[in-house]
Visitor: 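The structure that follows is given in the form of structure tokens.
All figures in this text were calculated on a predicted structure; none of them were measured in a lab. Reckoned from all heavy atoms, side chains included, excluding hydrogens, waters and symmetry mates.
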Amino acid sequence: MPRRSLGRPAGVVLAALAAAGGAAAQSSVTLYGALDAYVAVQSASGADSRKVLNSGFNPNALGFTGNEDLGGGLSAGFTLETQPVLDTGGTGQAGKMWGRQSLVYLGSSAYGRVSLGRIHTAGRSFGIKYSATGWLTTDPLGNLLIASGSAMAPVMNLDGAGSRTSNAVLYSSPRLAGFSFSVMQSAGEGGSFAAGSAKLTQVGAGYTSGPLTADLVINRIPAVRGSQIEQTDLALGAQYSFPSLKLVGAFFSRKGSSVAAPGATTPVPGSEGTDRVLILGASVPMGVHTVGAAVGRLTLADAHRGQRPANMAAPISSVPDDSTAWSLAYTYAFSKRTQAFVAYGALNNGELGSASLVGDLRPVAGGTSRLLASGLRHSF
């Protein structure tokens, strides 16, 4: 999203602070953000509702980031980022002021960057990159991963699994001959996984060569009694950009257990198994117009059918079964900062499943969830 340096009043304050601290290095602070609101018509098993919502095509954000050049290729900085909820005036991530990100870092152009705090995960970056139609409201990638209980699920407004973790240390390498990697470790510190305080280890690796990119993310959640249940997630994806077409494909697996109720921390005996998700999509840019389409398939382990996945709390936890989801999306760019969008998605459950595109209107077992959304997004 576009980022903008603070204006003169803020610049005067920052200059005064720098002078007071005797700082000799160059530093800057940038304000940035993106705001998205939409009208939705959602339906499930004969019931329907119409709402004004937010974060329909991509999640809202409002943030500050700062950087200081320490010389010799070394730099230090911070990021503070919240998520405005436009339809109510609140904030996402259970009302945390800086719920999206809050971190400091020290980096080197030659050796990479170390960040500490509440940090976006490599799984979140993967989810954005391999969604062909807008990665939150209707796209099958996020919705099927949420249904399966994958820790790669891009759950943005809620303080749940998938997008970020607190109490974390992240190392990100520089790119060398097209390759890069990252390693994240979070401490957990007594909070439950479903409340965004997971103890986990996540490793990501990527390769880019011309129009081809490929990525791998592995996430390991250890068992912590009374807090989280053992789980291993894997994501593997590739995309190829032609002059007028981008093709994407991704594979996910989740090895974990089921629980008897949302957020429960004791696994159902004998419920360990591996679920798999396959996603295919395409995006076609045509000047100010972009059209995207995606389809995905969730195949559950037999032990997981009709059972809730571990490490997920209400309202995102649902009863899953094998399911198929698809989505179509169209965007019109008024400018580089302002886009209008229309998106439609559907999720078809197997006979035991009640997963949906929205958490407040679920179908009966074996039913279909549908969502039509139209809205406006502005970045600054």
Visitor: Take the angle between the ring planes of W98 and F64 and call it parallel below 30°, perpendicular above 60°, tilted in between.
Guide: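 Aromatic pair W98/F64 classed perpendicular.
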
Visitor: Quick one: do R370 and D48 make a salt bridge, cutoff under 4.0 Å?
Guide: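 Salt bridge between R370 and D48, a charged N being under 4.0 Å from a carboxylate O: no.
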
Visitor: Start with the C-alpha distance between D233 and I221, add both sets of side-chain angles, then the distance that settles side chain to side chain contact (heavy atoms under 4.5 Å, CB included), and finish with yes or no.
Guide: CA-CA 8 Å; D233 301 273; I221 301 167; 4.2 Å; yes

Visitor: For the pair E230 and R220, find out whether any cationic side-chain nitrogen is under 4.0 Å from an anionic carboxylate oxygen.
Guide: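 A salt bridge links E230 with R220.
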
Visitor: Spell out, as yes or no, whether a donor-acceptor pair under 3.5 Å connects the side chain of S209 to the backbone of L212.
Guide: no

Visitor: Between S354 and R362, is there a side-chain donor-acceptor contact under 3.5 Å, judged purely by atom types and distance?
Guide: no

Visitor: Is it true that L298 and V358 fall in one hydrophobic cluster, defined by side-chain heavy atoms closer than 4.5 Å?
Guide: yes

Visitor: Flag the pair L200 / Q228 as yes when at least one side-chain heavy-atom distance between them is below 4.5 Å, and no otherwise.
Guide: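 Contact flag for L200/Q228 side chains = no.
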
Visitor: Quick one: does any side-chain atom of Q202 pair with a main-chain N or O of T121 as donor and acceptor, under 3.5 Å?
Guide: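 No, Q202 side chain to T121 backbone: no donor-acceptor pair under 3.5 Å.
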
Visitor: Please check: side-chain N/O of H289 versus main-chain N/O of V284, any donor-acceptor pairing under 3.5 Å?
Guide: no

Visitor: A side-chain contact here means heavy atoms from C-beta on lying under 4.5 Å apart; do T165 and K199 qualify?
Guide: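 Not touching, per the 4.5 Å side-chain cut-off.
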
Visitor: Measure the shortest side-chain to side-chain distance between D275 and F252 over non-hydrogen atoms and say whether it is less than 4.5 angstrom.
Guide: no

Visitor: Go through the side-chain N and O atoms of Q185 and Y171 and say whether any donor and acceptor fall under 3.5 Å apart.
Guide: no

Visitor: Between A34 and S379, what is the shortest heavy-atom contact and its length?
Guide: CB-OG, 3.8 Å

Visitor: Hey, are the side chains of V277 and S150 touching, using non-hydrogen atoms and a 4.5 Å cut-off?
Guide: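 Heavy-atom side-chain distance check fails, nothing below 4.5 Å.
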
Visitor: The criterion is side chain to side chain donor-acceptor pair (under 3.5 Å); which residues satisfy it with R276, sequence neighbours excluded?
Guide: none

Visitor: Classify the side-chain pair E272/S257 by whether it contains a donor and acceptor separated by less than 3.5 Å.
Guide: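 Checked: E272/S257 side chains show no N/O donor-acceptor pair below 3.5 Å.
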
Visitor: Is there a chain of hydrophobic side chains (I, L, V, M, F, W, Y, each step under 4.5 Å between heavy atoms) that links L116 to V183?
Guide: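 The answer is yes; both residues are in one hydrophobic cluster.
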
Visitor: Does H304 use its side chain to pair, donor to acceptor, with the backbone of T274 at less than 3.5 Å?
Guide: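 Between the backbone of T274 and the side chain of H304 there is no qualifying donor-acceptor contact (under 3.5 Å).
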
Visitor: May I ask you to decide if K129's main-chain N or O and Q239's side chain share a donor-acceptor pair within less than 3.5 Å?
Guide: yes

Visitor: For the residue pair F341 and Y38, categorise the inter-ring angle as parallel (less than 30°), tilted (30 to 60°) or perpendicular (more than 60°).
Guide: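 F341 vs Y38 ring planes: tilted.
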
Visitor: How close do A293 and L328 get, heavy atom to heavy atom, and via which atoms?
Guide: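 Closest approach of A293 to L328: CB-CD2, 3.5 Å.
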
Visitor: List in chain and number order the residues that pass side chain to side chain contact (heavy atoms under 4.5 Å, CB included) with P285, two or more places apart in sequence or in another chain; answer none if no residue qualifies.
Guide: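 Checked P285 against side chain to side chain contact (heavy atoms under 4.5 Å, CB included); matches are T290.
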
Visitor: Could you please spell out the steps behind the side chain to side chain contact (heavy atoms under 4.5 Å, CB included) verdict for L357 and Q42?
Guide: CA-CA 9 Å; L357 301 176; Q42 53 196 48; over 6 Å; no

Visitor: Considering only heavy atoms from C-beta outward, does the side chain of L106 approach that of L70 to under 4.5 Å?
Guide: yes

Visitor: Using side-chain heavy atoms (C-beta onward) and a distance below 4.5 Å, is Y240 in contact with P211?
Guide: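 Result yes, sub-4.5 Å side-chain heavy-atom pair found.
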
Visitor: Which residues pass the salt bridge (charged side-chain N to carboxylate O under 4.0 Å, His left out) test with D87, not counting sequence neighbours?
Guide: none

Visitor: With a 4.5 Å heavy-atom cut-off, do S182 and L170 have their side chains touching?
Guide: yes

Visitor: Looking only at heavy atoms, which two atoms of L371 and A40 are closest? And how far apart?
Guide: CD1-CB, 3.7 Å

Visitor: Before giving the answer on side chain to side chain contact (heavy atoms under 4.5 Å, CB included), spell out for R305 and D322 the whole-Å C-alpha distance, their side-chain angles and the decisive distance to 0.1 Å.
Guide: CA-CA 8 Å; R305 300 181 198 281; D322 291 356; 2.6 Å; yes

Visitor: Say whether S166 and R118, considering side chains only, have a donor N or O and an acceptor N or O under 3.5 Å apart.
Guide: yes

Visitor: What closest approach, in Å, do A310 and Q231 show between heavy atoms, and which atom pair accounts for it?
Guide: O-OE1, 3.9 Å

Visitor: Examine distances only and state if a side-chain atom of D69 and a backbone atom of S75 form a donor-acceptor pair shorter than 3.5 Å.
Guide: no

Visitor: Which heavy-atom pair separates A343 from T138 by the least distance, and what is that distance?
Guide: CB-OG1, 3.7 Å

Visitor: Looking only at atom types and distance, does a side-chain atom of S369 sit under 3.5 Å from a main-chain N or O of S356, one as donor and one as acceptor?
Guide: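 No, the answer is negative, given that no donor and acceptor are paired below the 3.5 Å cut-off.
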
Visitor: What's the shortest heavy-atom distance between I119 and L103, and which atoms?
Guide: CG1-CD2, 4.1 Å

Visitor: If the test is side-chain hydrogen bond (donor to acceptor under 3.5 Å, both in side chains), which one of D36, T82, T91, N54 qualifies with N60?
Guide: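 One option only clears the test, and that one is N54.
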
Visitor: Determine whether a donor-acceptor pair (N or O, by modelled atom type, separation under 3.5 Å) exists between the side chain of S327 and the backbone of T133.
Guide: no

Visitor: Can you label the angle between the Y332 ring and the F334 ring as parallel, tilted or perpendicular, going by 30° and 60°?
Guide: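 Because their plane-to-plane angle is over 60°, the rings of Y332 and F334 count as perpendicular.
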
Visitor: Just by distance, no angles: are the side chains of Y130 and D139 close enough, under 3.5 Å, to form a donor-acceptor pair?
Guide: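 There is no such pair (donor and acceptor under 3.5 Å, judged by atom type) between the side chains of Y130 and D139.
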
Visitor: Within the side chain of R377, is there an N or O that forms a donor-acceptor pair under 3.5 Å with the backbone of N58?
Guide: yes

Visitor: Would you check if the side chain of N311 reaches a backbone N or O of I229 as a donor-acceptor pair within less than 3.5 Å?
Guide: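 Present.
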
Visitor: Is the closest side-chain heavy-atom distance between P315 and D360 below 4.5 Å?
Guide: no

Visitor: Would you kindly say whether N348 and T368 are connected by a side-chain donor-acceptor distance under 3.5 Å?
Guide: yes

Visitor: When hydrophobic residues are tied together by side-chain contacts of less than 4.5 Å, even through go-betweens, does V291 share a cluster with L376?
Guide: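 Linked within one cluster.
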
Visitor: When hydrophobic residues are tied together by side-chain contacts of less than 4.5 Å, even through go-betweens, does V203 share a cluster with Y111?
Guide: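 V203 does not cluster with Y111.
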
Visitor: Between V248 and M286, is there a shared hydrophobic cluster once you connect ILVMFWY residues whose side-chain heavy atoms come closer than 4.5 Å?
Guide: no

